[in-house]
Number of protein chains: 2
Amino acid sequence: MLKRYEPAPAPGGAEIDLLFQALADPSRRAMVDRLTRGPASVSELAAPLSMSMPAVVQHLHVLQDSGLVRSEKVGRVRTCSIQPAALRSAEQWIADRRTAWEQSLDRLGEYLAGQSDKPEQGSTP
Amino acid sequence: MLKRYEPAPAPGGAEIDLLFQALADPSRRAMVDRLTRGPASVSELAAPLSMSMPAVVQHLHVLQDSGLVRSEKVGRVRTCSIQPAALRSAEQWIADRRTAWEQSLDRLGEYLAGQSDKPEQGSTP
DNA sequence: CTAATACTTAAGTAGGTGCTTAAGCGTTAT
DNA sequence: ATAACGCTTAAGCACCTACTTAAGTATTAG
C-alpha cells in the first residue's frame, strides 16, 4: 500500500497558491489579458480560444476561485471583469522575493567591502 | 475515438508559460523563497520540504527549465542560485496587464467626463 | 406559444503532475 | 581500499487538469 502525500504547505498562504495556479494556464492568461481591455461576456472570452464553452466556463471558475476575476449574471449573459487587487497580490509576491534577493546581494557587497582587498569570483578590483 | 486538444496558444510566449507553471507549486515557491536569501545546495533546499530528494531534484529541473534558477555542480555538491531576470519577467507580465486595466479605466473616466457633468461611477450626486 | 441564445451541469477520458522506492554514480573522508 | 555523502536516474503509481460531448435551464426574440 502506497503512502499518500499531503497537499503541501503554501508559503505566502493558500490564496497565492490559487493565484499562481490560475495564471499557470495559457488559456486562462489569455482570458485575463482580454479582461484588462474591459469587461466581457463568457462568449466573448470563449471566442478566440478554439475550445468548447464548458471548457471556458471551467477556466472561469478557476479564475474566480483565485479572486482574479469576478462576474455577475444579468439576464442570460454573464459579464466578467478583472479584479486588480488579486493581480497586484501576485505581482507583490514576486516583487518581495526579488527585493529580498537584491538585499542579500547588498549584504554580500557590504561584507566584501568590509573584508578589504580579498579577491572575489567574477571580477577583480 | 476522442479528439485530442492542442497545447494551446501562449500569450506572451512559451517562456512565460514555463515561468508561471514553475511558480504554481508551493514547494517550488518555497525553494525560490529560500534562494532569495542566498545560494543553496540541493540538500539545503530539500531540508525543510518533507519530501524525498528525487522529488526536490524534479522540482529543481522545473525551476531551471523556467529560467528561474541556475545551478552549478562543483565536486559532489550542486549549488543553486536564483535568476532575478526571470523573476522580473513574470512580475512584468502581471504589471503590464494591471496597467492596461488602469488605462482602460482612465479612458472610461475621460469618456464619462466628456459625456456630461457626471464625473464618476458608483455614487450619485 | 415556439425557437434561438447564453450559459450551465454532468459524466467521462487522455495525458500531465507530484510524489514514491530502489538502484546507480562520481566525490570526499577514514 | 572501504565507506559515507550528495546527488542522479529509472520506474511506477495516485491524483489532478484540461478538455470532450450530451443534456439541461433560464432568458429573450419572433
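Residue numbers begin at 1 in each chain, while the letters A, B, ... track the order of the sequences.
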If I take atom CG in residue Asp17(B) and atom P in nucleotide dG16(C), what distance separates them, rounded to the nearest angstrom?
13 Å
According to side-chain contact (heavy atoms from CB on, under 4.5 Å), who are the partners of Ser41(A), at least two apart in sequence or on a separate chain?
Ser43(A), Glu44(A), Val77(A)
Which residues pass the side-chain contact (heavy atoms from CB on, under 4.5 Å) test with Thr99(A), not counting sequence neighbours?
Glu102(A)
Please name all residues satisfying side-chain contact (heavy atoms from CB on, under 4.5 Å) with Val62(B), sequence neighbours left out, ordered by chain then number.
Ala22(B), Arg28(B)
Positions of residues 62-71 of chain A (non-hydrogen atom under 4.0 Å from DNA chain D), listed by number
none
Not counting sequence neighbours, list each pair that qualifies as a ring-ring contact (aromatic ring centres under 6.0 Å, His included) and has a residue in residues 24-70 of chain B.
none
Sort and list the pairs that fulfil ring-ring contact (aromatic ring centres under 6.0 Å, His included) and have at least one residue in residues 13-50 of chain B, not counting sequence neighbours.
Phe20(B)-Trp93(B)
With sequence neighbours left out, write down each residue that passes side-chain hydrogen bond (donor to acceptor under 3.5 Å, both in side chains) with Ser89(B), or none if nothing qualifies.
none
Residue set satisfying side-chain hydrogen bond (donor to acceptor under 3.5 Å, both in side chains) with Glu91(B), at least two apart, ordered chain then number -> Arg98(A)
Readout for nucleotides 5-11 of chain C: B = base within 4.0 Å of protein heavy atom, S = sugar-phosphate only, - = neither; 5' to 3' it is BSBBB-B
Give the dot-bracket string for DNA chain C, reading 5' to 3', where a pair is Watson-Crick or G-U wobble with both distances under 3.5 Å, ( ) marks pairs inside the strand, [ ] marks pairs crossing earlier ones, | marks a partner on another strand, and . marks unpaired.
||||||||||||||||||||||||||||||
Is Met31(B) linked to Val42(B) within one hydrophobic cluster, defined over Ile, Leu, Val, Met, Phe, Trp and Tyr using a side-chain heavy-atom separation of less than 4.5 Å?
yes
Check the distance between dC19(C)'s C1' and Arg28(B)'s CZ and give it to me in whole angstrom.
12 Å
Are any of His59(B)'s side-chain N or O atoms less than 4.0 Å away from OP1 or OP2 of dT17(C)?
no
Going by the rule side-chain hydrogen bond (donor to acceptor under 3.5 Å, both in side chains), which residues pair with Arg70(A) if we only count those two or more places apart in sequence or in a different chain?
none
Applying side-chain hydrogen bond (donor to acceptor under 3.5 Å, both in side chains) to Asp96(A) and not counting sequence neighbours gives Gln92(A)
Examine the side chains of Gln64(A) and Ser71(A) and answer whether a donor and an acceptor come within less than 3.5 Å of each other.
yes
Between Ser27(A) and dC19(D), is there a contact of a side-chain N or O with OP1 or OP2 at under 4.0 Å?
yes
Whole angstrom value for the distance that separates P of dT17(C) from CE of Met51(B)
16 Å
